[in-house]
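Written below as structure tokens is the structure these notes are about.
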Number of protein chains: 2
Amino acid sequence: MAEKVIPDIVVARLPIYLRTLQQLKAEGRNITLSQELGEMLGISAAQIRKDLSLFGEFGKQGTGYNISYLIDRLCEILNVGKEWEVAVIGAGDIGSALVSYQGFANRGFRVNMIFDKNPEKIGTKLGGFFVKNSDDLVETIRSSEIKIAMLTVPAENAQEVAEKLVEAGVKAILNYAPIYLKLPSDIRVQYIDPSVHLQHMTYYL
Amino acid sequence: MAEKVIPDIVVARLPIYLRTLQQLKAEGRNITLSQELGEMLGISAAQIRKDLSLFGEFGKQGTGYNISYLIDRLCEILNVGKEWEVAVIGAGDIGSALVSYQGFANRGFRVNMIFDKNPEKIGTKLGGFFVKNSDDLVETIRSSEIKIAMLTVPAENAQEVAEKLVEAGVKAILNYAPIYLKLPSDIRVQYIDPSVHLQHMTYYL
DNA sequence: TAGATTGTTAATCGATTAACAATC
DNA sequence: TAGATTGTTAATCGATTAACAATC
């Protein structure tokens, strides 16, 4: 049987659904409706039902969706049942914020180490971790379980460091450097560039 | 004559084109081709030409695009010819990183003030700014030129603070709080949630 | 059963691509 | 002029929506 291919744009919405369901659960709720979720997210109820139906039948006609059950299913689908260990590359302001960031708790991630190439930063303590030497990046990450990295080095070095991450076995990179990374097609990359997001909005102002 | 409506997904790509052109310019280049841009960005040349053609004829057949000229046109289109003053709300780790962030330079933005509600933080200095009291947010921003804010408060307070920003005349919000904001339809919002971006990738791992 | 909401179909809507005429 | 690349068209591809049958 051919595996159903899920559009990437649907995959992109699942974490939003999950986050919202966890929020409802934290409020003590047990059941929600596609309509309620839609209103909480500015998305049509039809789209939410269609997205979820690509993965299975998670709701009950006439009743809605059991929140805890749907959370469990989405965690399975997104592979966040366990916690992924994550490396931060670059111990600047963004890197520092990420090692201390509380928002990874219960979302499937835990920062595990941080690297920098600046000798003045190597060995200093940041958010509970000693900053490691970038020269040891490949070796250290390769001998760890880490498959995910967050890249916060300057744009000039980002491509080079990204290639070292791939060499070390990293499969997913959250890239804060303002540059497109050319990497093998099996490596996933997501981009965060505040200026790009802001310029997207100033178009309309 | 009816104004042509530009798809939002096209608008989203323009800042990426602009960033890449500025990179080429910094390397001393004068001319580029849709094909080259496409290769630098993992986007088809046809799409780049089509996107740009929605706004005018910026290239020259047989030659390509003049980089400086195209940069100027994109800055005009995206309204980043002048520098926008931006407020940061929340003086936690992310807010701190944003006030010191070097990546706004030459991209059309300058952080101008930062707010927090914690009395221990109010009045302390952060990245060259004294942290202001959130209680004064509406008044202070309303009497400024600020139309853009970056929101880095906890999810529980984000909706409430966002409404105060709207009251103060803010028209665009870059939201780092992990929650969807329900705001009037003329207010633009962009979302940055590292956990969401990471979960988007773990689906494929 | 009656009422309600999901799951799913088919139609609509929108975005991307390939191909080539226009033109520098 | 010959060669090259843009701008643009039309076809293809993909995503969203409305509507309703299925079913709890």
Side-chain angles (χ1 to χ4, degrees), chain A residues 1-17 20-21 24 29-74 77 185 200 203, chain B residues 1-17 20-21 24 29-74 77 185 200 203:
Chain A
M1 187 187 97
E3 268 298 313
K4 189 163 32 182
V5 173
I6 307 294
D8 183 65
I9 198 164
V10 172
V11 176
R13 282 192 291 264
L14 299 184
I16 314 276
Y17 299 163
T20 309
L21 290 162
L24 286 169
R29 298 279 305 282
N30 292 310
I31 299 287
T32 187
L33 310 179
S34 61
Q35 190 176 42
E36 181 181 47
L37 271 179
E39 281 165 10
M40 291 179 75
L41 289 173
I43 291 178
S44 80
Q47 180 154 86
I48 291 173
R49 292 201 303 278
K50 182 138 222 304
D51 285 352
L52 295 176
S53 76
L54 292 173
F55 299 93
E57 309 193 355
F58 302 141
K60 203 176 268 184
Q61 277 99 331
T63 307
Y65 296 91
N66 180 295
I67 291 172
S68 294
Y69 178 75
L70 188 49
I71 287 174
D72 289 347
R73 293 294 74 69
L74 286 173
I77 292 164
S185 61
H200 182 173
Y203 171 81
Chain B
M1 187 189 97
E3 269 299 313
K4 190 162 32 181
V5 173
I6 307 293
D8 183 66
I9 198 163
V10 173
V11 177
R13 281 191 291 262
L14 299 184
I16 313 276
Y17 299 163
T20 308
L21 289 161
L24 285 170
R29 298 279 306 283
N30 292 309
I31 299 287
T32 187
L33 309 179
S34 60
Q35 189 175 43
E36 181 182 46
L37 272 179
E39 280 166 11
M40 291 180 74
L41 290 171
I43 291 178
S44 80
Q47 179 153 86
I48 290 173
R49 292 201 304 277
K50 182 135 222 303
D51 285 353
L52 295 175
S53 76
L54 293 172
F55 299 93
E57 308 194 355
F58 302 142
K60 203 176 267 184
Q61 277 98 331
T63 307
Y65 297 91
N66 179 296
I67 291 172
S68 293
Y69 178 76
L70 189 49
I71 286 173
D72 289 348
R73 295 294 74 69
L74 286 173
I77 293 166
S185 61
H200 182 173
Y203 171 81

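Order of the sequence lines sets the chain letters (A, B, ...), proteins ahead of strands, with each chain counted from 1. Since this is a predicted model, take the numbers as computed values, not measurements.
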Original post:
Would you say A:Ile6 and A:Phe55 make side-chain contact, with heavy atoms under 4.5 Å?
Top reply: yes
Original post:
How long is the span from the OH atom in B:Tyr17 to the CG atom in B:Leu41, to the nearest 0.5 Å?
Top reply: 7.5 Å
Subject >> Consecutive-pair stems (at least three Watson-Crick or G-U pairs, under 3.5 Å) that include DNA chain D >> reply: C:3-24 with D:3-24
Subject >> Check against side chain to side chain contact (heavy atoms under 4.5 Å, CB included), A:Leu14 and B:His200 >> reply: CA-CA 8 Å; A:Leu14 299 184; B:His200 182 173; over 6 Å; no
Original post:
Relative to the 5' end of DNA chain D, which residue comes earlier, A:Thr63 or B:Thr32, by the nucleotide with the nearest heavy atom?
Top reply: B:Thr32
**OP:** May I ask you to check if A:Arg73 and A:Tyr69 form a cation-pi contact, with NZ or CZ under 6.0 angstrom from the six-membered ring centre and within 45° of the axis?
**Re:** yes
Original post:
Any side-chain heavy atom of A:Tyr203 within less than 4.5 Å of one from B:Asp8?
Top reply: no
Original post:
Can we say B:Arg29 and B:Glu36 salt-bridge, meaning some charged N sits less than 4.0 Å from an Asp/Glu carboxylate O?
Top reply: yes
Subject >> More than 12 heavy atoms from other groups under 6.0 Å of CD on B:Gln47 >> reply: yes
Original post:
Quick one: are A:Leu33 and A:Tyr65 in side-chain contact, heavy atoms under 4.5 Å?
Top reply: no
Subject >> Outermost nucleotides of DNA chain D that come under 4.0 Å of a non-hydrogen atom of chain A >> reply: D:dA15 to D:dC24
Original post:
Starting at the 5' end of DNA chain D and moving along, which residue's nearest nucleotide shows up first, A:Val10 or B:Asp51?
Top reply: B:Asp51
Subject >> Residue whose nearest DNA chain C nucleotide is more 5′ - A:Lys50 or A:Gln61 >> reply: A:Gln61
